[in-house]
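I have placed the structure first, in the form of C-alpha cells, so that the comments after it can refer back to it.
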Amino acid sequence: MANLLVTGAAGFIGANFVYYWLDTYPGDRVIGLDALTYAGNHESIRSAESNPAFRFVHGDIRDQALIEKLLREEKIDTIVHFAAESHVDRSISGPDAFIDTNIGGTHSMLKAARAVWLDGPEGRLPHRFHHVSTDEVYGTLGPNDPPFTESTPYAPNSPYSASKAASDHLVRAYHHTYGLEVTTSNCSNNYGPYQFPEKLIPLVLINILHGKALPIYGDGKQIRDWLYVDDHARGIDLIIKKGRLGETYNIGGHNEWTNIDIVNLICKLMDERFAADLQMKEKYPDAPAARGEKANSLITYVKDRPGHDQRYAIDAAKTTAELAYKPVESFETGIDKTISWYLDNEGWWQRILDGSYQEWIDQQYADRKAS
Ligand code: NAD
Ligand code: DAU
C-alpha cells in the first residue's frame with residue numbers, strides 16, 4: 001500500500017490522475033494538494049472526496065512547512081508533482097508566476113522531501129519523487145526532424161518551458177547531489193475531461209457551442225502530438241512502479257496534428273453531434289448549426305503567439321522498451337469521449353465562464369484580432 005501526495009490535484013491532469021489512481025489502486029491513500037489558482041477547480045475532484053482513501057488539502061507547494069507536515073503526518077512515500085503554471089500564453093504576458101511556482105515551488109517540494117525523507121529523525125525513509133514535465137523543454141522541431149528523445153538537448157523557448165526546464169534540472173540535481181529518489185516524465189499535449197477552457201481543444205469546443213470565433217494563431221500549421229490524459233496517467237504509473245531512479249522518460253501519443261486540422265476535425269465532429277441530436281440546436285441557439293451553418297465558418301486567423309514553437313513530437317521508444325508503455329486510447333475514441341464529457345458537463349465549464357473567465361478570453365481574442 002502506498003501513500004501518495006499529488007500536487008496540482010484540482011488541475012486538469014492532476015484530477016484525472018487522482019481518479020485513475022483511486023480506481024487502479026483502491027488500497028492506496030491519496031492526498032491531493034492544490035492552491036486553487038484560476039486553473040484549479042475544487043469541483044473537478046469533488047467525487048473523489050466521497051472516497052475515504054482521498055483527502056483534499058488546499059495549500060501551496062511553495063509552503064515548505066506545510067509540505068513537510070503533510071509528508072510526516074500522512075506518512076507519504078510517493079510524491080507525484082503536477083502543480084505548475086501551465087499556459088504558454090500566460091507565461092508570455094506574465095512570466096513571474098511561472099518562475100515563482102514552477103521553479104520556486106518545485107524547489108520547495110524538493111527541500112521538503114529531502115528534509116523528511118533523507119534527513120529526518122528516523123533516517124532515510126523509502127520514497128519516490130515523480131516530477132511531471134513537458135516536451136516543450138526540448139524546444140521546437142522542423143518538419144523533417146526526428147521526434148524528441150530523452151537525450152534531445154534542452155532548448156526551451158517560452159517562459160513556461162524555461163521554468164519547466166529549470167525545475168527538471170533541480171529535480172535531477174537533488175538526485176545526484178543528495179540521493180533523492182526521483183523520476184521525471186516529459187509528456188506531449190494532453191486532452192480530455194476537466195481541461196481548463198483556455199487550452200485549444202476545450203476552447204474550440206465551447207466556442208462552437210456559443211457561436212464564437214475559433215482563433216487560429218498565425219497560419220495554423222504548427223504541430224502538436226496529442227495524448228489522451230489517461231494514457232499520461234498510465235505512463236506515470238509505469239514509471240513510478242518500474243522506472244529507473246534518476247531517469248527521465250518521454251510519454252507521447254504518436255499522434256501529430258496541425259492546429260488547423262485538429263480544429264477542422266472538431267468542427268466536423270460537432271456538426272455531426274448537432275445533426276444527430278436536434279435538441280442541441282435549441283440548447284445552443286448561437287451555434288452555427290442552429291443557423292444552418294457549419295462550425296468551421298467560425299475559424300478566424302489571428303496574430304501568432306510570440307516565439308511560437310512550430311512542432312512537437314515525442315519518441316517514447318525508451319518508455320516502451322523499458323516499461324512496456326503503450327497508449328491505449330485511439331485519437332478517434334479519445335476525442336469522442338472528450339466531446340461527450342464537455343457536452344455532459346456544461347455546469348463545470350459554464351461556472352468557469354461565469355466566474356469572469358469569459359471576459360478574459362474575449363479580451364485575449366480582441367487583442368489578437370486587433371494587432
Ligand atoms: P493545470 O493548469 O490544469 O493545473 C495546474 C494545477 O496546479 C492547478 O490546479 C493549480 O491550481 C495548481 N497550482 C498552481 N500553482 C500552485 C501552487 N503554487 N501550489 C499548489 N498548486 C498550484 O495544468 P495541467 O495541464 O493539469 O498540467 C499539470 C502538469 O503537467 C504541469 O506540471 C504541466 O507542466 C504538465 N504537463 C501538461 C501537459 C498538458 O498538455 N496539459 C503536457 C505535459 C506536461
Ligand atoms: O506540449 C505540452 C504542453 O502542451 C504543456 O506543457 C502545456 O502545459 C500545455 O498548455 C500545452 O501547450 P500548448 O501551447 O501546445 O497548448 P495550447 O492548448 O495552448 O495550444 C495548442 C496549440 O494551439 C498551440 O500551437 C497554440 C495553438 N492555439 C492555441 C489556442 C489557445 C491556437 O491556435 N489558438 C488558440 O486559441
Side-chain angles (χ1 to χ4, degrees), residues 6-17 32-42 44-45 57-63 66-67 80-92 97-98 100-102 104-106 108-109 131-138 140 148 156 158 160-161 163-164 167-168 185-192 194-204 207 213-227 229 232 236 250-252 257-260 262-263 299-305 308-314 361 364-365 368:
V6 177
T7 72
F12 162 46
I13 310 176
N16 280 285
F17 181 84
L33 176 81
D34 202 292
L36 299 178
T37 68
Y38 82 95
N41 191 340
H42 198 165
S44 302
I45 41 153
V57 178
H58 183 191
D60 197 308
I61 56 168
R62 293 168 299 176
D63 184 347
L66 168 69
I67 306 301
V80 190
H81 178 39
F82 291 98
E85 290 291 337
S86 70
H87 193 41
V88 174
D89 291 328
R90 288 183 190 253
S91 85
I92 294 166
F98 288 73
D100 287 350
T101 293
N102 299 358
T106 300
S108 146
M109 291 295 301
H131 176 57
V132 180
S133 191
T134 168
D135 59 0
E136 301 203 13
V137 297
Y138 300 123
T140 185
F148 302 127
S158 71
Y160 163 69
S161 53
S163 68
K164 291 297 291 186
S167 68
D168 295 7
S185 48
N186 294 86
C187 189
S188 60
N189 284 63
N190 285 212
Y191 68 98
Y194 301 112
Q195 187 167 30
F196 195 81
E198 65 190 344
K199 305 286 166 63
L200 182 69
I201 288 182
L203 178 90
V204 164
N207 280 11
L214 311 180
I216 306 291
Y217 297 171
D219 63 5
K221 299 274 174 60
Q222 304 83 8
I223 291 172
R224 298 292 183 265
D225 181 355
W226 292 95
L227 182 76
V229 63
H232 189 176
I236 293 172
N250 280 353
I251 304 176
W257 286 77
T258 62
N259 293 336
I260 188 65
I262 212 158
V263 171
I299 288 176
T300 310
Y301 287 89
V302 297
K303 187 176 177 238
D304 206 352
R305 174 184 278 175
H308 200 168
D309 285 336
Q310 186 61 31
R311 175 178 166 232
Y312 304 140
I314 278 281
I361 207 152
Q364 293 286 306
Y365 174 68
R368 282 188 189 277

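Indexing begins at 1, ligand by ligand and atom by atom, following the structure's order.
With hydrogens left out, the protein atom closest to atom 12 (O) of ligand 2 is Glu136 OE2, 2.9 Å, a heavy atom. When hydrogens are left out, the protein atom nearest atom 40 (O) of ligand 1 is Asn190 N, 2.8 Å; that is the closest non-hydrogen contact. In this structure, atom 15 (N) of ligand 1 lies nearest to the protein heavy atom Thr101 CG2, 3.4 Å. From the protein, the heavy atom lying nearest to atom 11 (O) of ligand 1 is Asp34 OD1, 2.5 Å. The nearest protein atom to atom 44 (C) of ligand 1, hydrogens excluded, is given as Ser133 O, 3.1 Å; this is a heavy-atom distance. The shortest contact between atom 3 (O) of ligand 1 and any protein heavy atom is with Phe12 N, 3.0 Å. For atom 21 (N) of ligand 1, the nearest protein heavy atom (residue, atom name, distance) is Ala35 N, 3.1 Å. Looking only at protein heavy atoms, the nearest one to atom 33 (O) of ligand 2 is Tyr217 N, 2.9 Å. The protein non-hydrogen atom at the shortest distance from atom 9 (C) of ligand 2 is Ser86 O, 4.0 Å. Of all protein heavy atoms, the one lying nearest to atom 34 (N) of ligand 2 is Pro215 O, 2.7 Å. Atom 16 (O) of ligand 2 has as its closest protein heavy atom Asn189 ND2, 3.5 Å. Among all non-hydrogen protein atoms, the one lying nearest atom 31 (C) of ligand 2 is Glu198 O, 3.3 Å.
Counting only distance, with no hydrogens or angles, the side chain of Asn186 and the backbone of Ser133 share no donor-acceptor pair below 3.5 Å. Here the side chain of Asn207 pairs no donor or acceptor atom with the backbone of Leu214 at under 3.5 angstrom. Panel note: side chain Thr106, backbone Asn102; a donor-acceptor pair is recorded below 3.5 Å. Without hydrogens or angle criteria, Thr7 side chain to Ala83 main chain gives a donor-acceptor distance under 3.5 Å. Judged by distance alone, with hydrogens and angles left aside, the side-chain atoms of Thr140 form a donor-acceptor pair with the main-chain N or O of Arg311 at under 3.5 Å. When atom types are taken as modelled, the side chain of Ser161 and the backbone of Val137 share no donor-acceptor pair closer than 3.5 angstrom.
Looking at ligand 2, you won't find any N or O of Tyr312 less than 3.5 Å from one of its N or O atoms. Between Leu200 and ligand 2, at least one pair of N/O atoms sits closer than 3.5 Å. Between Asn189 and ligand 1, a contact under 3.5 Å exists for no N or O pair. On a distance-only criterion, Ser188 and ligand 2 share no N/O pair closer than 3.5 Å. Considering backbone and side-chain atoms together, Arg224 places an N or O closer than 3.5 Å to an N or O of ligand 2. Distances between N or O atoms of His232 and those of ligand 1 include no value under 3.5 Å. Considering backbone and side-chain atoms together, Thr37 places an N or O closer than 3.5 Å to an N or O of ligand 1. No N or O atom of Gln222 sits closer than 3.5 Å to an N or O atom of ligand 2. Remark: ligand 2 and Trp226 share no N or O pair separated by less than 3.5 Å (distance only, no angle test). Ligand 1 has no N or O atom lying under 3.5 Å from any N or O atom of Ala83, backbone or side chain. Ligand 1 has no nitrogen or oxygen under 3.5 angstrom from a nitrogen or oxygen of Gln195.
Across His308, Gln364, Arg368, His87, heavy-atom proximity to atom 26 (C) of ligand 2 is greatest for His308. Counting heavy atoms only, Leu203 comes closest to atom 36 (O) of ligand 2 of the residues Ile223, Asn190, Leu203, Val137. The nearest non-hydrogen atom to atom 37 (C) of ligand 1, considering only Ile13, Thr134, Ile201, comes from Ile13. In this comparison of Lys199, Arg305, Glu85, Arg311, the heavy atom closest to atom 14 (O) of ligand 2 sits on Arg305. Nearest-heavy-atom check against atom 22 (C) of ligand 2 across Asn259, Val263, Asp135 picks out Asn259.
Looking at heavy atoms from C-beta onward, Asp309 lies out of side-chain contact with Ser158 at the 4.5 angstrom threshold. With a 4.5 Å cut-off on side-chain heavy atoms, Leu66 and Asp60 do not count as touching. Within the 4.5 Å cutoff, no side-chain heavy atoms of Val132 are placed close to those of Ile13. When side chains are defined from C-beta on, Ile314 does not count as touching Ile251, because their heavy atoms never get closer than 4.5 Å.
The proximity of Ala9 to ligand 1, defined as any non-hydrogen pair under 4.0 Å, does not occur for either the backbone or the side chain. Only side-chain heavy atoms of Tyr160 come within less than 4.0 Å of ligand 1; its backbone N, CA, C and O stay farther off. Both the backbone and the side chain of Asp60 come within 4.0 Å of ligand 1, counting heavy atoms alone.
Ring-plane geometry between Phe148 and Tyr312 is classed as tilted, the angle between the planes lying from 30 to 60 degrees on a 0 to 90 degree scale.
Heavy-atom proximity to Lys164, at under 4.0 Å, picks out these atoms of ligand 1: 31 (C), 32 (O), 33 (C), 34 (O). The atoms of ligand 1 that sit less than 4.0 Å from any heavy atom of Ala10 are 9 (O). Applying the 4.0 Å criterion to heavy atoms of Cys187 picks out, from ligand 1, the atoms 42 (C), 43 (C). The ligand atoms of ligand 2 that sit less than 4.0 angstrom from a heavy atom of Val88 are 14 (O). In the vicinity of Gly59, heavy-atom distances shorter than 4.0 Å reach the ligand 1 atoms 19 (N), 20 (C). Distances below 4.0 Å separate heavy atoms of Thr134 from the following atoms of ligand 2: 1 (O), 2 (C), 3 (C), 5 (C), 6 (O). In summary, the atoms of ligand 2 found under 4.0 Å from a heavy atom of Tyr160, numbered by their order in the structure, are 5 (C), 6 (O), 7 (C), 8 (O). Atoms of ligand 2 lying under 4.0 Å from at least one heavy atom of Ile216, given by number and element, are 33 (O). Those atoms of ligand 1 that come under 4.0 Å of a heavy atom in Ser86, given as number and element, are 1 (P), 2 (O), 23 (O). The contact set between ligand 1 and Leu36, taken as ligand atoms under 4.0 Å from a residue heavy atom, comprises 11 (O). Close approach to Gly8 involves these atoms of ligand 1, each under 4.0 Å from a residue heavy atom: 6 (C), 7 (O).
Side chains of Asn259 and Gln222: a donor on one and an acceptor on the other come within 3.5 Å. Side-chain contact, Asp89 with Tyr217: a donor N or O sits under 3.5 Å from an acceptor N or O.
Summarising the geometry of Gln310 relative to Arg224, their closest heavy-atom pair is O-NH1, 3.8 Å, with the distance given to 0.1 Å.
Within the 4.0 Å heavy-atom cutoff, Phe82 counts among the residues contacting ligand 1. The shortest separation from a heavy atom of Ser44 to ligand 1 is not under 4.0 Å, leaving the residue out of contact. For the ligand labelled ligand 2, residue Lys164 lies outside the 4.0 Å heavy-atom shell.
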Worksheet item: How far apart are the C-alpha atoms of Val229 and Gln195, what are their side-chain angles, what is the distance that settles it, and do they pass the side-chain contact (heavy atoms from CB on, under 4.5 Å) test?
Response: CA-CA 10 Å; Val229 63; Gln195 187 167 30; over 6 Å; no

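Remark: Tyr160 OH to Arg90 CZ distance equals 14.0 Å, nearest 0.5 Å.
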